[in-house]
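Beneath this line is the structure, given in structure tokens, with notes to follow.
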Number of protein chains: 2
Amino acid sequence: MAAKTDDSGPVLPPAIESAWGLRERPPKGPRPGMSVPTIVDAAVRVADADGLAAVSMSRVAKELGAATMALYRYVGSKDELLMLMVDSGYGPSLGPPGPRDDWRTGLTRWAWAEHEVLRRRSWLLHVPISGPPITPQQLGWMEDGLRCLDGTALGENEKMSVLLLITGYVRNEATLTSQIAEGSRAAGVEPAEMMPGYARLVGRLIDPARFPALHRVLSAGVLSQDDHPDDEFAFGLDRILDGVEALIQRRAG
Amino acid sequence: MAAKTDDSGPVLPPAIESAWGLRERPPKGPRPGMSVPTIVDAAVRVADADGLAAVSMSRVAKELGAATMALYRYVGSKDELLMLMVDSGYGPSLGPPGPRDDWRTGLTRWAWAEHEVLRRRSWLLHVPISGPPITPQQLGWMEDGLRCLDGTALGENEKMSVLLLITGYVRNEATLTSQIAEGSRAAGVEPAEMMPGYARLVGRLIDPARFPALHRVLSAGVLSQDDHPDDEFAFGLDRILDGVEALIQRRAG
DNA sequence: TTCTTTCTGCGTATGCCATACGCTGTTATG
DNA sequence: CATAACAGCGTATGGCATACGCAGAAAGAA
């Protein structure tokens with residue numbers, strides 16, 4: 001009744017609490033043979049090596065030389081493990097922007113950092129996200145993004161909207177390129193041949209009379225040429241930041 | 001060797017070919033008791049009623065009064081069924097924009113149409129997408145989007161980028177609101193209480209010294225107030241279209 | 001010391017899932 | 001009326017997450 005200023009509210013699963021450094025080792029009982037971070041690291045190792053689909057409780061346990069059910073002493077469910085994998089997979093945030101950087105420089109750096117993480121660990125895109133972030137490093141990334149907008153005249157809600165907009169864009173773009181990579185691996189085709197193959201397929205399927213605009217796109221050979229995907233990313237990002245800039249100007253004026 | 005101008009290229013699964021109206025009924029053998037559309041409709045009915053997780057081959061078969069394995073005479077795999085479910089779930093596209101509409105009016109209408117579909121059928125967001133669209137109605141939506149940009153000076157590749165940008169935004173925004181809805185249902189909480197609960201939780205977890213910007217957001221009560229989510233959507237959409245407008249102006253000038 | 005509590009590790013079992021395989025019966029054509 | 005080509009589907013396989021409860025370890029209480 002008197003102990004903690006708990007405020008009640010939603011209760012965090014034990015494994016997540018341990019990610020926040022709360023929760024000490026219980027006084028009795030045998031010494032734990034593993035720990036939440038050990039398990040999460042093993043799971044990340046599996047995902048890095050063989051993709052998210054290979055991450056099963058039994059596979060992670062095997063990676064640790066333990067039995068499947070032993071893991072459940074540390075994580076409440078596979079979903080919980082996935083949440084912790086995301087937190088660990090993103091890694092620590094970059095830290096706040098340099099003091100001389102304007103918001104656009106900062107957010108550009110921020111977006112590229114996430115872009116890079118998702119390029120290296122595309123399995124992060126396949127983890128079903130079930131809600132807003134509650135893990136320490138995830139919130140660290142959010143903090144960094146907010147810091148970039150510190151000097152602007154945006155309202156706090158607008159800052160959040162801007163971050164959501166950008167992170168959403170980064171994830172979408174990463175999803176598209178990872179789909180090409182994974183599709184080419186599955187079909188045993190060169191990645192550079194994926195989009196041309198797709199263009200030929202669609203061209204064979206559609207009637208130019210019913211899909212004139214699409215037919216024009218195909219005829220232009222747009223899907224067949226290989227723009228460097230990083231240029232494509234930078235292009236779209238600048239489009240979005242232009243929109244943000246317009247908003248910031250208006251709020252400042 | 002001489003028959004069709006086939007061009008070879010990737011081969012389409014039979015069920016997808018049937019969605020394009022290719023593929024006639026074979027001359028011999030018993031009359032089929034069902035059809036690809038029947039199965040897809042049943043699957044969509046299950047998803048509408050109980051969510052995507054409830055869509056299993058056996059559940060869909062039960063819906064049709066058939067045995068599980070009977071479905072495999074019509075669809076090659078569950079993934080194929082999912083692809084067809086997406087095509088059917090989106091429904092037919094709106095059709096091209098009115099002849100007097102400018103690109104911005106057209107794309108706004110286009111984005112809101114997808115927004116509405118995803119609001120009604122949030123399970124569409126949970127279907128893992130494995131590549132660019134190859135089904136008729138999906139390509140119909142793409143055609144409509146391209147038509148909106150017909151009068152502009154954008155290159156064909158830029159038109160595609162713009163559509164990808166917008167559809168990505170629509171899906172992201174829909175994902176966020178659907179997460180709130182699903183989370184509240186899972187936790188047995190009023191939807192309006194979700195974000196305030198989240199804000200309290202994060203406030204309890206973070207150290208204001210290490211997360212100053214985030215702390216400021218929480219103090220502003222931003223996450224607690226219930227902006228009408230449609231306003232939020234419209235706001236972000238306008239931000240993106242501002243960016244597009246800047247691009248179109250530059251190309252026109 | 002010995003007993004008790006509380007924990008860890010994990011073997012077993014349950015119930016779900018997608019789907020490979022092969023049998024039975026149907027249909028239209030030769 | 002024989003036969004080829006197909007539809008329906010029963011059965012079996014191998015995967016999965018995870019509920020449950022037991023055996024033994026550690027640390028405090030007696």
Exercise. Is the backbone of A:Asp87 close enough, under 3.5 Å, to the side chain of A:Gln137 for a donor and an acceptor to pair up by distance?
Worked result: yes

Problem set entry | First and last nucleotide of DNA chain D, 5' to 3', lying under 4.0 Å from heavy atoms of chain A | D:dC16 to D:dA27

For this session: Name every residue in residues 75-84 of chain B that has at least one heavy atom under 4.0 Å from any atom of DNA chain C, in order of residue number, or write none if there are no such residues.
Result: B:Ser77, B:Lys78

Problem set entry | Residue that, paired with B:Tyr169, satisfies ring pair (Phe, Tyr, Trp, His ring centres under 6.0 Å) out of B:Trp112, B:Trp110, B:Phe233 | B:Phe233

Exercise. For A:Ser178 and A:Thr175, does a side-chain donor sit closer than 3.5 Å to a side-chain acceptor?
Worked result: no

For this session: May I have the distance from A:Lys62 (atom NZ) to C:dC10 (atom C1'), rounded to whole angstrom?
Result: 15 Å

Exercise. When the nearest nucleotide of DNA chain C is assigned to B:Pro27 and to A:Pro26 on a heavy-atom basis, which residue is associated with the more 5' position?
Worked result: A:Pro26

For this session: Let me know the distance between CE of B:Met69 and P of C:dT24, rounded to the nearest Å.
Result: 17 Å

Problem set entry | Residue-level proximity of residues 29-59 of chain A to DNA chain D when a heavy atom falls under 4.0 Å | A:Gly29, A:Pro30, A:Arg31, A:Ser56, A:Met57, A:Ser58

Exercise. After noting the C-alpha distance and the side-chain angles of A:Arg185 and A:Glu182, does the key distance pass the salt bridge (Lys or Arg N to Asp or Glu O under 4.0 Å) rule?
Worked result: CA-CA 5 Å; A:Arg185 211 172 313 134; A:Glu182 284 164 24; 5.7 Å; no

Exercise. Has the side chain of B:Gln179 got a donor or acceptor atom that lies under 3.5 Å from a matching backbone atom of A:Ile129?
Worked result: yes

Exercise. How about A:Asp48 and A:Trp123: does a side-chain donor come under 3.5 Å of a side-chain acceptor?
Worked result: yes

For this session: Rounded off to whole Å, could you give me the OH-to-P distance for the A:Tyr74 and C:dT8 pair?
Result: 6 Å

Exercise. Looking at B:Val202 and A:Pro133, what are the two nearest heavy atoms and their distance?
Worked result: CG2-O, 4.5 Å

For this session: Could you tell me whether B:Arg119 and B:Glu173 make a salt bridge, using a distance below 4.0 angstrom between a side-chain N and a carboxylate O?
Result: no

Exercise. Is there a side-chain contact between A:Thr177 and A:Glu232 (heavy atoms, below 4.5 Å)?
Worked result: no

Exercise. Under 4.5 Å between any side-chain heavy atoms of B:Val217 and B:Phe211, yes or no?
Worked result: no

